[in-house]
**Student:** 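Before I ask anything, here is the structure I am working with.
Computed over heavy atoms, backbone and side chain alike; hydrogens, waters and symmetry mates excluded.
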Amino acid sequence: MRVLVAGASGAIGRWLVPQLVERGHEVIGTSRSQDRAERLHALGAEPIVLDILDTRSVRQVVADCTPDAIVHQATALAGLTDFKHFDRSFSQTNRLRTEGTDSLLVAARAAGVRRFVAQSFASHRYARQGGPVKSEDDPLDPTPVSTTRETNAAMRHLDRAVTDAGGIALRYGTFYGLSDDALVDAVRKRRFPVVGDGGGIWSFVHLEDAAAATVLALERDGPGIYNIVDDEPAPIREWLPALAEAVGAKRPRRAPRWLARLFAGEAAVVMATESRGASNAKAKRELGWTLLHPSWRQGFIDAYASSSAGPKISAD
């Protein structure tokens, strides 16, 4: 297939583009800047500079490229650290998930592109009640923290718009695998404490495994939503010390909820103490997905034992 990957120079693109090429697909990759677009040559993609918020340009590029499938991976998450002002920090990504998704879907429909796969998110979205691990059929949080309402609405929009169009939304877990990502930097600097009882459940996925699931999703008919996470959802009190050890940092500090709320905001406190994890059973069953990194326990060691975890391509 000819596959147009929007946001191909982002974190996941480092693994996704080569896997698509190895699978026999012809890849056209977009980026917002000429410099990042040119780096896609080395990964095996034909590069195109494109702002997916420019509806006219998107429609022209899709018409000219005549892809068989579109993969929407465009975000603006590089260097994001301010969770106290959550929606403000995610504002550009929220536009990419709403306006950008709509722009790509309109262009796909006009060009007769039937396969569409988009990046969604699993972590911190499911209702904070009941069991610790949720499936795609479980309800999303009906009362998200006020500072995250716009971000949650944007992800709901993407899920709904993509599946209504017959596409597939992949709810990825928290990515890891790049040595210079913001989470690793915060852990190294001891700016990520265990808050309260550290009971918030997180689901991770190595970027290599996320890319593999994306390739498989392209070969399956939609509509559908899949949690793309590893086999071991875990509370912060377990995974955070393990990550600190893997990156050679001191053990994380501990902080009471009130202090974390003061410095990091309510959203960070909820993620640290109340979040639910996600199950990957559906993706493994229906996509035939096999993980190379089934658990963050060994995955953190594999990813961060050396000083480099692959080329440092900025998130797009």
**Student:** Can you hop from I70 to V106 via hydrophobic side chains spaced under 4.5 Å?
**Tutor:**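 No; tracing contacts between hydrophobic side chains, which count when under 4.5 Å, never links both residues.
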**Student:** Considering non-hydrogen atoms only, spot the tightest contact between L218 and A69 and give its length.
**Tutor:** CD2-CB, 3.5 Å
**Student:** How about L104 and V58: do any of their side-chain heavy atoms sit closer than 4.5 Å?
**Tutor:**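 Answer yes - side chains close enough.
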**Student:** Does the side chain of I168 reach to within under 4.5 Å of the side chain of P223, using non-hydrogen atoms?
**Tutor:** no
**Student:** To the nearest 0.5 Å, what is the distance between OG on S295 and CH2 on W239?
**Tutor:** 13.0 Å
**Student:** What I want to find out is whether R115 reaches D221 closely enough, with some N-O distance under 4.0 Å, to be called a salt bridge.
**Tutor:** yes
**Student:** Suppose we screen for side-chain hydrogen bond (donor to acceptor under 3.5 Å, both in side chains). Which residues come up paired with T174, at least two apart in sequence or across chains?
**Tutor:** S123
**Student:** If I take atom CD from residue Q119 and atom CG from residue L77, how far apart are they, to the nearest 0.5 angstrom?
**Tutor:** 7.0 Å
**Student:** Using the side-chain hydrogen bond (donor to acceptor under 3.5 Å, both in side chains) rule, pick out the option among D159, T148, T151 that qualifies with R125.
**Tutor:**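 For R125, the side-chain hydrogen bond (donor to acceptor under 3.5 Å, both in side chains) check succeeds only for D159.
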**Student:** Identify the heavy atoms of A8 and G29 that sit nearest to each other, and give their distance.
**Tutor:** CB-CA, 3.6 Å
**Student:** Below 4.5 Å, heavy atoms only, C-beta onward: do T214 and V71 meet side chain to side chain?
**Tutor:** yes
**Student:** Can you give me the closest heavy-atom contact between A6 and I52, atom names plus distance?
**Tutor:** CB-CG2, 4.1 Å
**Student:** Which atom names give the shortest non-hydrogen contact between A278 and P233, and what distance separates them?
**Tutor:** O-CG, 3.5 Å
**Student:** Between F121 and V205, is there shared hydrophobic-cluster membership here, with clusters defined by ILVMFWY side-chain heavy atoms closer than 4.5 Å?
**Tutor:**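 Looking at the clustering, V205 is in a separate group from F121.
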**Student:** With a 3.5 Å distance limit and no angle check, can you tell me whether R253 reaches the backbone of F192 through a side-chain donor-acceptor pair?
**Tutor:** no
**Student:** For a quick test of reading the model, state the closest non-hydrogen atom pair linking D138 to V133 and the distance between them.
**Tutor:**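 Shortest heavy-atom separation between D138 and V133 comes out as OD2-O, 4.4 Å.
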**Student:** So, do L140 and N152 sit near enough that their side-chain heavy atoms are less than 4.5 Å apart?
**Tutor:** no
**Student:** I'd like to know if the side chain of D230 and the backbone of W296 have a donor-acceptor N/O pair within less than 3.5 Å.
**Tutor:**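 Pair found, side chain donor or acceptor close to backbone of W296.
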**Student:** Determine, stepwise, if the pair D197 / R237 fulfils side-chain contact (heavy atoms from CB on, under 4.5 Å).
**Tutor:** CA-CA 7 Å; D197 66 356; R237 60 175 174 260; 4.2 Å; yes
**Student:** Check whether any side-chain N or O of Q19 sits under 3.5 Å from a backbone N or O of V215 as a donor-acceptor pair, and report yes or no.
**Tutor:** no
**Student:** Provide the closest heavy-atom pair for F116 versus A108 in the form atom of the first, atom of the second, distance.
**Tutor:** CD1-CB, 4.3 Å
**Student:** Does any part of the side chain of L291, heavy atoms only, come nearer than 4.5 Å to the side chain of D231, both counted from C-beta?
**Tutor:** yes
**Student:** Out of curiosity, E208 CD to R14 CZ, how far, rounded to the nearest 0.5 Å?
**Tutor:**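 One finds 8.0 Å between CD of E208 and CZ of R14.
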**Student:** Can you see whether H157 engages T101 through a side-chain donor-acceptor pair at a distance of less than 3.5 angstrom?
**Tutor:** no
**Student:** Quick check against the 3.5 Å criterion: does E150 have a side-chain atom that pairs as donor or acceptor with the backbone of D87?
**Tutor:**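 A pair under 3.5 Å: no.
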**Student:** Between K282 and D137, is there a salt bridge with N-O shorter than 4.0 Å?
**Tutor:** no
**Student:** With a 3.5 Å distance limit and no angle check, can you tell me whether T98 reaches the backbone of N94 through a side-chain donor-acceptor pair?
**Tutor:**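 Pair found, side chain donor or acceptor close to backbone of N94.
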**Student:** Could you pull out all residues at least two apart from E286 that satisfy salt bridge (charged side-chain N to carboxylate O under 4.0 Å, His left out)?
**Tutor:** R220
**Student:** Taking E232 first and then R297, would you say they form a salt bridge - that is, a charged N and a carboxylate O separated by under 4.0 Å?
**Tutor:**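 Between R297 and E232 there is a salt bridge, with a charged N closer than 4.0 Å to a carboxylate O.
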**Student:** Can you tell if the side chain of L183 reaches within under 4.5 Å of the side chain of L243, non-hydrogen atoms only?
**Tutor:** yes
**Student:** Can any side-chain N or O of K250 pair as donor or acceptor with the backbone N or O of A244 at less than 3.5 Å?
**Tutor:**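 No; judged by distance alone, with no hydrogens or angles, the pair does not exist.
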**Student:** Give the intermediate values and the outcome of side-chain contact (heavy atoms from CB on, under 4.5 Å) for residues V113 and D68.
**Tutor:** CA-CA 6 Å; V113 180; D68 301 299; over 6 Å; no
**Student:** Over 60° means perpendicular and under 30° means parallel, so tell me whether Y176 and H206 are parallel, tilted or perpendicular.
**Tutor:**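 The arrangement is perpendicular - the two ring planes meet at more than 60°.
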**Student:** Within the 3.5 Å criterion, strictly below it, is a donor on R285 or Y226 matched to an acceptor on the partner's side chain?
**Tutor:**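 No - no donor-acceptor pair under 3.5 Å links their side chains.
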**Student:** First locate atom CG of L16, then atom CG of L207, and finally report the distance between them rounded to the nearest 0.5 Å.
**Tutor:** 10.5 Å
**Student:** Please determine whether the number of non-hydrogen atoms from other residues, nucleotides or ligands lying under 6.0 Å from atom CZ of R190 exceeds 12.
**Tutor:**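 Yes, the 6.0 Å shell around CZ holds more than 12 heavy atoms from other groups.
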**Student:** Do F204 and I201 share a hydrophobic cluster (ILVMFWY, side-chain heavy atoms under 4.5 Å, transitive)?
**Tutor:**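 Per the 4.5 Å side-chain linkage, F204 and I201 are not co-clustered.
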**Student:** Please answer: with hydrophobic residues joined when any side-chain heavy atoms are less than 4.5 Å apart, are I12 and V229 in the same cluster?
**Tutor:** no
**Student:** Does a donor on one side chain and an acceptor on the other come within less than 3.5 Å for Q73 and Y172?
**Tutor:**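 Checked: Q73/Y172 side chains pair up, N/O donor to acceptor below 3.5 Å.
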**Student:** I'd like to know if the side chain of D209 reaches the main chain of L292, judged simply by a donor and an acceptor atom lying under 3.5 Å from each other, with no hydrogens or angles considered.
**Tutor:** yes
**Student:** Please name all residues satisfying salt bridge (charged side-chain N to carboxylate O under 4.0 Å, His left out) with E266, sequence neighbours left out, ordered by chain then number.
**Tutor:** R261
**Student:** Check whether any side-chain heavy atom of Q298 lies under 4.5 Å from a side-chain heavy atom of D302, and answer yes or no.
**Tutor:**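 Yes. Closest side-chain heavy atoms under 4.5 Å.
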**Student:** For G131, does its backbone N or O pair with a side-chain atom of R276 as donor and acceptor, under 3.5 Å?
**Tutor:**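 Yes, R276 side chain to G131 backbone: donor-acceptor pair under 3.5 Å.
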**Student:** Membership question, hydrophobic clusters at under 4.5 Å side-chain separation (ILVMFWY): are L240 and V247 in the same one?
**Tutor:** yes
**Student:** Taking everything shown except E245 itself, do over 12 heavy atoms lie less than 6.0 Å from its CD?
**Tutor:** no
**Student:** Should the ring pair F90 and F86 be called parallel, tilted or perpendicular, given that the plane angle runs from 0 to 90° and is split at 30 and 60?
**Tutor:** parallel
**Student:** Look at R128 together with D141 and state whether they make a salt bridge at an N to O cut-off of under 4.0 Å.
**Tutor:** yes
**Student:** Can you confirm whether R2 is buried at CZ, in the sense that more than 12 heavy atoms of other residues, nucleotides or ligands lie under 6.0 Å from that atom?
**Tutor:**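 Result for CZ/R2: enclosed.
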**Student:** Dump the intermediate steps for side-chain contact (heavy atoms from CB on, under 4.5 Å) on T163 and I225, then the final yes or no.
**Tutor:** CA-CA 8 Å; T163 54; I225 294 177; 3.7 Å; yes
**Student:** Going from CG on L53 to CZ on R32, what distance comes out if it is rounded to the nearest 0.5 angstrom?
**Tutor:**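 Separation between the atoms: 8.5 Å.
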**Student:** Rounded to the nearest 0.5 Å, how far does CE of M155 lie from CZ of R160?
**Tutor:**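 That separation rounds to 13.0 Å.
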**Student:** Under 6.0 Å between the ring centres of W202 and F175?
**Tutor:**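 Here the rings of F175 and W202 have centres that are no less than 6.0 Å from each other.
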**Student:** For the pair R56 and R59, evaluate side-chain contact (heavy atoms from CB on, under 4.5 Å) and give the outcome as yes or no after the intermediate values.
**Tutor:** CA-CA 5 Å; R56 180 177 298 180; R59 188 160 182 167; 5.9 Å; no
**Student:** Is any side-chain heavy atom of D54 closer than 4.5 Å to one of Q60?
**Tutor:** no
**Student:** Are the side chain of H72 and the backbone of A169 linked by a donor-acceptor contact shorter than 3.5 Å?
**Tutor:** no
**Student:** Do R257 and T273 have side-chain N/O donor and acceptor atoms under 3.5 Å apart?
**Tutor:**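 Side-chain D/A pair, R257 to T273: present.
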